[in-house]
A.B. asks: 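Sharing a structure here in C-alpha cells format.
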Amino acid sequence: MSTDTLIIEDLTVSLPAGGDREHAIRHVNLRIAPGRTLCVVGESGSGKSVMATTVMGLLDKALTPTGGHVLLQGEPLLEASQTRLRELRGKAMGMVFQEPMTALNPVMTCGEQVDELLAMHTDWPKAKRRDAIIAMFERVKLPRPQQMFDAFPHQLSGGQRQRIVIAMAVILKPALLICDEPTTALDVTTQKEILTLIEELQAEQGSAVMFITHDMGVVDEIADDVLVMNLGDAVEFGSREQVLNQPQAEYTRKLLAAVPDMTPPPPRPQPTGEPVMRGQDVRMTYVSRDWRGRSTHVDALKATSLSLWGGETVGIVGESGSGKSTFARCVMRLIEPTGGEIYWQDAEVRKLGERSLRPLRSRVQVVFQDPNRSLNPRRTVGESIVEGAINFGASSAEAWALAEHLMDQVHLPRDALKRYPSQFSGGQRQRIAIARALACKPKVLVADEAVSALDVSVQAQVLKLLREIQDDLGLGLLFITHDLRVAAQLCDRVVVMNQGNIVEQGRTHELYAAPQHEYTQRLFASAPGHHSLATTA
C-alpha cells in the first residue's frame, strides 16, 4: 500500500460544451508524500486551481471530473459524498486561499470562525476550544492573540488575516495542506514570514503540501518537487533542482525566462528640465476617536518629498503600512493631505478645491492593482475608455478615434472596444485599464501594484508595454510595488519607505548594488529566491 498522502491518477476535468477547450485539466498525475512540498506552477487558465478545488470537493458545478482517481491517504475522493467531504475538510485536508478577505466571514470575529470549525469536528468544550485557538494564534505569530480572537477581519492587516486563514487550515493537523497563491498580494517581508510559518507547521505536523503559485522565487525557496501546467496539461514534473536548473519543456523555459532579474539593466540618461510632479514635505495624519471622544493621531506619512520627471520611472517599495500608497494617493489628490505642497507641472494643487482641481485631473491618471474592480462590468471596454476623454473636452468622434488608437498601443484588437471586461483575461484587462488612463492624455501615470497579481509571462508583457508607452509619450511613471525584481527591471530610481518615511533612495543600479540602510538590506534579504534564481533563469 502506498504511503503517499495524496495520489492523483490520470485526472481529467471537463469544461462546459461550446468553449475553446474541452478540458480544464487532462490526464494529470502526481504524488505527494508526507512532509514534502509540491509546487504547482503555470499561467492563469493552466488548471492549477481546478486541480486543488477538485481535491477539496469544491469544484465549480459547471466543471465535471470525467476520468481518473484522487486518493487522500488511500481514500477515493471523487466518489465521496458531500457529507464525507465535509468531514474530511479541515480535519484531513485544509486549504489556504489567495485572498483572506473573501475566505473569512466579515460579520464574524476571527475567533468565532475558527471555533465553528472545531465545534464541527471535535467534541471539545467551549473553553478548551478557545484555549486551542489562542494557542494556535500564538503559534502563527499573531500579536495579542486574546484581542485577535475578538477582532473582525477588517480590523487586521493583510498579513494578519492570512495568518488567521492558515491557523484555521492547520489547527486540526490535516495530512494535506493546499495553499492557493497565499502570498501573492503580500510584501516581501510578510511573504517571507508566511512561507517560513508554513514550513515550520509542515515540519511539526508532517503534512504534505500542495503549493500553487506563479512566483518562481517562492518555488526556489520552498519546493521539493515542481509540477508545471499549461492549458490543463502537466508538461513537466521533477525535483526543484531539475525543473529550475535543467528544464526539459519549452513552456517551462519560457516561464523561467519571464522571471524578472534582480540585476537592473544599464541606466538610462537622467531626465532634465522641470519635473512633471513634485511633492514637498507631504504629510498625512489620521485622527480617530473612541466612544468617549478621545482622539488618537496616526502619522501615516511624515514630511515626504519626491520629484518625478517626464520619461522617468520612479519605484516606491516597502512593506504594507510603510506609507507608499498613502504618498501616492496624496500626490494624486485622491485623499486630502494634512500638510506640504503638491505640484502637477507648474500648478500647486494641494489646497485647490475639487471644482478648481477637476480641469487638471487629466494630468495625473492611475492604474490600480485589480482591473476587475476598476472597470465597470456593465459597460463595454470602449465606453469605459472614451468616458475620460469626453469629460475633458473631446468630442465623441475624437474620443472613439483615440480609443481605437489606444487599442493599437496596448496591443489589443480594435473590436475589443465592443466587448465587456469579463470577456478578457486578467492581463488583457490590465491593458484595458492602461488604455483608459492614457485616454486622458496624462503627463503622469501612477501604477499602484499594477502587475502584482499577474502571471510572470503576462507580467513581463505588461512591463514591456509600460516601457514602450513611456518612451512614446514621455510620461512620468510612479510605480508602487512590493516586488523588488519588477522594480529592478522597470525603475530608473527606487525610493524605499518605512513607517511613513523615506529611508533610502537612489538610482536603481546603485541602490541594488549596495543598499545602505538596514531596512533596505532586510527587504532584499526577504525576497524569495533572491540568491539563486537569477542564475537559473
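Throughout, numbering of the chain's residues begins at 1 and tracks the sequence.
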A.B. asks: For Leu256 versus Val243, what's the shortest heavy-atom pair and its separation?
C.D. replies: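 Reported closest heavy-atom pair: CD1-O, 3.7 Å.
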A.B. asks: Is there a side-chain contact between Leu478 and Val364, using heavy atoms and a 4.5 Å cut-off?
C.D. replies: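 No, side chains not in contact.
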A.B. asks: The test is side-chain contact (heavy atoms from CB on, under 4.5 Å); show your working for Met93 and Ile178 and say whether it passes.
C.D. replies: CA-CA 8 Å; Met93 53 183 177; Ile178 299 176; 5.8 Å; no
A.B. asks: If you compare all heavy atoms of Tyr512 against all heavy atoms of Met262, which two are closest, and at what distance to 0.1 Å?
C.D. replies: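 Heavy atoms of Tyr512 and Met262 come nearest at CD2-O, 3.3 Å.
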A.B. asks: Using modelled atom types and a 3.5 Å cut-off, is there a donor and acceptor pairing between side-chain atoms of Tyr519 and backbone atoms of Gly318?
C.D. replies: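 No, the answer is negative, given that no donor and acceptor are paired below the 3.5 Å cut-off.
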A.B. asks: Show the numbers, then the answer: is there a side-chain contact (heavy atoms from CB on, under 4.5 Å) between Val226 and Ser239?
C.D. replies: CA-CA 6 Å; Val226 181; Ser239 68; over 6 Å; no
A.B. asks: Any carboxylate oxygen within less than 4.0 angstrom of a Lys/Arg side-chain nitrogen, looking at Arg485 and Asp261?
C.D. replies: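 Here Arg485 does not pair with Asp261 in a salt bridge, since their nearest N and O are not under 4.0 Å apart.
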A.B. asks: Less than 4.0 angstrom from a charged side-chain N to a carboxylate O is my criterion; do Glu75 and Arg84 meet it?
C.D. replies: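 Judged by the 4.0 Å cut-off on N to carboxylate O distance, Glu75 and Arg84 do form a salt bridge.
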A.B. asks: Any salt bridge linking Arg139 with Glu200? Criterion: basic side-chain nitrogen under 4.0 Å from a carboxylate oxygen.
C.D. replies: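 So Arg139 pairs with Glu200 through a salt bridge.
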A.B. asks: How long is the straight-line distance from CZ of Phe327 back to CE of Met497, given to the nearest 0.5 Å?
C.D. replies: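 With rounding to 0.5 Å, CE (Met497) is 7.0 Å from CZ (Phe327).
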A.B. asks: If you measure from CZ on Phe479 to CG on Leu463, what distance do you get to the nearest 0.5 Å?
C.D. replies: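 Answer rounded to 0.5 Å: 5.5 Å.
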A.B. asks: Do Ser49 and Asp180 get their side chains close enough for a donor-acceptor pair, meaning under 3.5 Å?
C.D. replies: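 There is such a pair between these side chains.
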A.B. asks: Val314 vs Val495, test: side-chain contact (heavy atoms from CB on, under 4.5 Å). Steps then yes/no.
C.D. replies: CA-CA 7 Å; Val314 174; Val495 174; 3.9 Å; yes
A.B. asks: Tell me the closest heavy-atom pair linking Met229 and Val40, and the distance in Å.
C.D. replies: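 That would be SD-CG1, 3.9 Å.
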A.B. asks: Can you tell if the side chain of Gln202 reaches within under 4.5 Å of the side chain of Leu177, non-hydrogen atoms only?
C.D. replies: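 A side-chain contact is absent here, since even the closest heavy-atom pair is not under 4.5 Å.
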A.B. asks: Are the side chains of Asp483 and Val451 in touch, meaning some heavy atoms are under 4.5 Å apart?
C.D. replies: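 No, side chains not in contact.
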A.B. asks: Before accepting this row, confirm whether a basic side-chain N of the pair Lys324/Glu319 lies closer than 4.0 Å to the acidic partner's carboxylate O.
C.D. replies: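 Looking at Glu319 together with Lys324, the answer is no, because their closest N to O distance does not fall below 4.0 Å.
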A.B. asks: Mind checking whether Lys128 and Thr122 have side chains closer than 4.5 Å, heavy atoms only?
C.D. replies: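 No; the side chains remain at least 4.5 Å from each other.
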A.B. asks: Are side-chain heavy atoms of His69 and Leu11 found at a separation under 4.5 Å?
C.D. replies: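 The answer is no; the side chains never approach within 4.5 Å.
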A.B. asks: May I have the step-by-step check of side-chain contact (heavy atoms from CB on, under 4.5 Å) for Ile222 and Cys39, ending in yes or no?
C.D. replies: CA-CA 8 Å; Ile222 69 168; Cys39 279; 3.9 Å; yes
A.B. asks: Measuring from Ile133:CD1 to Met148:CE, what's the distance to the nearest 0.5 Å?
C.D. replies: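 Taking CD1 in Ile133 and CE in Met148, the distance rounds to 15.0 Å.
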A.B. asks: Taking all non-hydrogen atoms of both residues, which atom of Val494 and which atom of Leu511 are closest, and how far apart?
C.D. replies: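 Of all heavy-atom pairs spanning Val494 and Leu511, the closest is O-CD1, 3.8 Å.
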A.B. asks: Are the side chain of Gln365 and the backbone of Val444 linked by a donor-acceptor contact shorter than 3.5 Å?
C.D. replies: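 Side chain of Gln365 to backbone of Val444: no pair is present.
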A.B. asks: How about Glu193: does its CD atom have over 12 heavy atoms from other parts shown lying under 6.0 Å from it?
C.D. replies: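 More than 12 within 6.0 Å, yes.
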A.B. asks: A side-chain contact here means heavy atoms from C-beta on lying under 4.5 Å apart; do Val367 and Leu466 qualify?
C.D. replies: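 No, side chains not in contact.
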A.B. asks: Asp299 and Thr285: side-chain donor and acceptor closer than 3.5 Å?
C.D. replies: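 Per modelled atom types, Asp299 and Thr285 side chains form a pair under 3.5 Å.
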A.B. asks: Determine yes or no for a side-chain-to-main-chain donor-acceptor pair under 3.5 angstrom, with Arg429 supplying the side chain and Phe424 the backbone.
C.D. replies: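 Yes, the answer is positive, given that a donor and an acceptor are paired below the 3.5 Å cut-off.
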A.B. asks: Drop me the distance from Phe211's CZ to Lys48's NZ, to the nearest 0.5 angstrom.
C.D. replies: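 Answer rounded to 0.5 Å: 12.0 Å.
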A.B. asks: Is there a donor-acceptor pair closer than 3.5 Å between any side-chain N or O of Ser305 and the backbone N or O of Asp281?
C.D. replies: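 Between the backbone of Asp281 and the side chain of Ser305 there is a qualifying donor-acceptor contact (under 3.5 Å).
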A.B. asks: With a 4.0 Å cut-off on N to O distance, would you call Glu341 and Lys351 a salt bridge?
C.D. replies: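 No, Glu341 and Lys351 are not salt-bridged.
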A.B. asks: Around atom NZ of Lys302, are there more than 12 heavy atoms of other residues, nucleotides or ligands at under 6.0 Å?
C.D. replies: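 Yes, the 6.0 Å shell around NZ holds more than 12 heavy atoms from other groups.
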A.B. asks: Return yes if some donor-acceptor pair links the side-chain N/O of Gln489 with the main-chain N/O of Thr263 below 3.5 Å, else return no.
C.D. replies: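 Checked: pair present.
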A.B. asks: Output yes when a side-chain donor or acceptor of Glu504 lies under 3.5 Å from a complementary backbone atom of Pro515, and no otherwise.
C.D. replies: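 Checked: no pair found.
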A.B. asks: Would you give the length of the straight line joining atom CD1 of Ile502 to atom CG of Asn498, rounded to the nearest 0.5 angstrom?
C.D. replies: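 If I round to the nearest 0.5 Å, the distance is 12.0 Å.
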A.B. asks: Can His214 and Glu43 be counted as having a side-chain donor-acceptor contact under 3.5 angstrom?
C.D. replies: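 Result is no, nothing qualifies.
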A.B. asks: So how far is it from Phe368 CZ to Leu375 CG, rounded to the nearest 0.5 Å?
C.D. replies: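 Here the rounded value is 11.0 Å.
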A.B. asks: Report the residue from Leu118, Leu201, Val140 that forms a side-chain contact (heavy atoms from CB on, under 4.5 Å) with Ile171.
C.D. replies: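 Per the side-chain contact (heavy atoms from CB on, under 4.5 Å) rule, the option paired with Ile171 is Leu118, out of Leu118, Leu201, Val140.
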A.B. asks: Apply the test salt bridge (Lys or Arg N to Asp or Glu O under 4.0 Å) to residues Asp224 and Arg240: give CA-CA distance (whole Å), side-chain angles for both, the deciding distance (0.1 Å), then the verdict.
C.D. replies: CA-CA 6 Å; Asp224 294 307; Arg240 175 189 61 195; over 6 Å; no
A.B. asks: Looking at Thr338 and Arg283, would you say the former's side chain and the latter's main chain have a donor-acceptor pair under 3.5 Å?
C.D. replies: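 Present.
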A.B. asks: Please check: side-chain N/O of Glu181 versus main-chain N/O of Cys179, any donor-acceptor pairing under 3.5 Å?
C.D. replies: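 Looks like no, no N/O pair under 3.5 Å.
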A.B. asks: So does Glu138 pair up with Lys141, basic N to acidic O under 4.0 Å?
C.D. replies: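 Looking at Glu138 and Lys141, the cut-off is not met.
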A.B. asks: Kindly indicate whether the side chain of Pro174, heavy atoms from C-beta on, has any atom under 4.5 Å from the side chain of Gln205.
C.D. replies: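 Result yes, sub-4.5 Å side-chain heavy-atom pair found.
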A.B. asks: Can any side-chain N or O of Arg163 pair as donor or acceptor with the backbone N or O of Leu142 at less than 3.5 Å?
C.D. replies: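 No.
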A.B. asks: Measure across Gln73 and Ala175 and return the closest heavy-atom pair with its distance rounded to 0.1 Å.
C.D. replies: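 Smallest interatomic distance, heavy atoms only, reads NE2-CB, 3.4 Å.
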A.B. asks: Please examine the side chains of Met51 and Met56, heavy atoms only from C-beta on, and report whether any two atoms are closer than 4.5 Å.
C.D. replies: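 No, their side chains stay 4.5 Å or more apart.
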A.B. asks: I need the minimum non-hydrogen distance between Ile342 and Val331, along with the two atoms involved.
C.D. replies: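 In this case the closest contact between Ile342 and Val331 is CG2-O, 3.7 Å.
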A.B. asks: Would a distance-only check, ignoring hydrogens and angles, find a side-chain to backbone donor-acceptor pair under 3.5 Å from His517 to Gln505?
C.D. replies: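 No, because the side chain of His517 does not come within donor-acceptor range (under 3.5 Å) of the backbone of Gln505.
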